[in-house]
Structures are given as structure tokens and as C-alpha cells.
Amino acid sequence: MREYLIAGNWKMNKTPSEAAALAKEILPLVKNSTSKVMVAPSFVCIPAVAEVIKGSNIILAAQNMATATEGAHTGETSVLMLKELGVEVVILGHSERRHIYGETNEMINEKVKLALANGLKVDLCIGELLEEREAGKAEAVCYEQLEKGLAGLSKADMANVMIAYEPVWAIGTGKTATPADAEAIHAACRGKIAQLFDEATAQATNIQYGGSVKPDNVKELMAMENIDGGLIGGASLTAPSFGALANFDK
Ligand code: PGA
């Protein structure tokens, strides 16, 4: 049985003190959640949040990492730094990284392999642009992002990989994919993972949906067979909203 994961991607929001305050407010609201709960603060907020959530059921994640472990990479953050701060999961290939900062599938694959080699779990984001969906290419884009993003991984590696399907046109826009549209891509992606690895690996892989998930649409999305959680931006930034998401009515 796959467990649900409710993950907050705080993006470039909150200063360290604000992030710590949000984490403190979230703690009691999610402590009895029957889903796994994760938060991804910005790099500089990670130490403050780590301190607050230490020993709790909240999983600490980072939003990105460098393709190298150390050296002359001005402005980058290494997997070793994240590990030392207690980060367990790194979100890689978020659409904002792909489309604003030009990350390629190849670069993302390097990061995936480096994270796994250093004992971090990966939440690999995939998803199509609006024009790709309108051109009937949504599945093909996701297949390519999966194939290239997961290149070189073994079945054993996949135990430490999760996927987040986030149609780019639904992120931060208030437009959510219908549960049926999201389910169709989730099922297709699970099929692709089965083809790349095997059926047992595909069945065990957590695939979250992301893109304008909110307390009032979470239940119908999570009711879909192949949707195993949510990667949530805007609605994860206040404690009552994130608490409601983490405790959605199953
Ligand atoms: P959103 O962002 O919930 O604000 O649409 C989701 C994401 O980008 O992870």
C-alpha cells in the first residue's frame, strides 16, 4: 500500500524567522496526520525549520541542489550541506527550475544520481506546459522527463525516489487539472515506470499531484487510484490551510 504524502513547497517565501514560526504553527496541526507530511523551506530557512521540527513526524526537504558536491560553483548548494542540516528529501526538476532557470533533463538526472549516491531521497517533478498539453503531447513530455530524469537508476534506487506530476499551467494559477485528467497522466506515468523498471517498482512509487491543490479540492484529487499525495505551493504557506491538507478526509 502506498502512503499519501502531503508536501509543502514553500518556494522563495518566508524569512528564516517566519519559516520557523510557520513550522511551529504547523507542528500540532499535523502531528496526528495519517499521511506523511513534508515541508521544503528555502535553503537559508532550513536550519531554523530543522530546529523546530526535530523529532516530529514532519519530513525536511530542500527545493533543489547542485550537480556537484563541492568546489567552484558560486551560488549553489551541495548535497553534503543539505545532509548535514538533516534534510531527508530533495525536490528536483521543479518546473520553475526547468523553465525559469533552464535546467535540462540531463542536469536533473545528474542531481538525481548525486542525491541518491549521498543518501538523500528524491522527489522528481515532471509536467507539461500548456502548449504541450494543447498539442496533445502531455504524456510524451512526462515520459521523456521520466526516462531522462531516471536514467541510470536501478530498481533499488527507485525505493528512494518519488515523482510529482505538476502540469505547469496549473501551478500557482488557480487552475487545477480535473481529477480525471490528473489520474490519466498519473496512471500513464506509473505505466512508464513499470516499463523502465518493473511493475512492483511502479506500484510502490509515490506519485504526487501538484498545481493549485487546496483544502477544497484535495479530497477529490486524492480519491484517484494513482494519486498518492500533493506537492503544494501557495496553500502550504499558512498553517490552517496546510493543516487541513495534511488531514484531508480520506
Ligand atoms: P501551487 O504550486 O500549489 O502554488 O500551484 C505547486 C508547486 O509548484 O509545487
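Just follow the structure's listing: the first ligand is 1, and inside any ligand the first atom is 1.
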May I ask you to check if ligand 1 and [X] share an N or O to N or O distance below 3.5 Å?
| X | answer |
| --- | --- |
| Ala235 | no |
| Gly233 | yes |
| Gly234 | yes |
| Thr173 | no |

In this structure, does ligand 1 have an atom that sits under 4.0 Å from one of the heavy atoms of His94? yes

Looking only at non-hydrogen atoms, find the nearest pair between [X] and [Y] and report the distance.
| X | Y | result |
| --- | --- | --- |
| Asp181 | Ala177 | CB-CB, 4.3 Å |
| Thr69 | Asn118 | CG2-ND2, 4.2 Å |
| Ala235 | Leu245 | O-CD1, 3.6 Å |
| Ala246 | Val37 | CB-CG2, 4.1 Å |
| Cys45 | Lys14 | SG-O, 3.3 Å |
| Gln63 | Ala40 | NE2-O, 2.9 Å |

Which atoms from ligand 1 have a heavy atom of [X] less than 4.0 Å away?
| X | value |
| --- | --- |
| Gly172 | 1 (P), 4 (O), 5 (O) |
| Gly211 | 5 (O) |
| Ala170 | 5 (O) |

What protein heavy atom sits nearest atom 9 (O) of ligand 1, and how far off is it? Glu166 OE2, 2.7 Å

At under 4.0 Å between heavy atoms, is it the side chain or the backbone of Cys125 that contacts ligand 1, or both, or neither? neither

Give the contacting part of Asn9 toward ligand 1: side chain, backbone, both or neither, where contact means a heavy-atom distance below 4.0 Å. side chain

Quick test of your reading of the model: are Lys54 and Glu51 salt-bridged, counting only N-O distances below 4.0 Å? yes

Is a side-chain N or O of Asp249 found less than 3.5 angstrom from the main chain of Lys219, in a donor-acceptor match? no

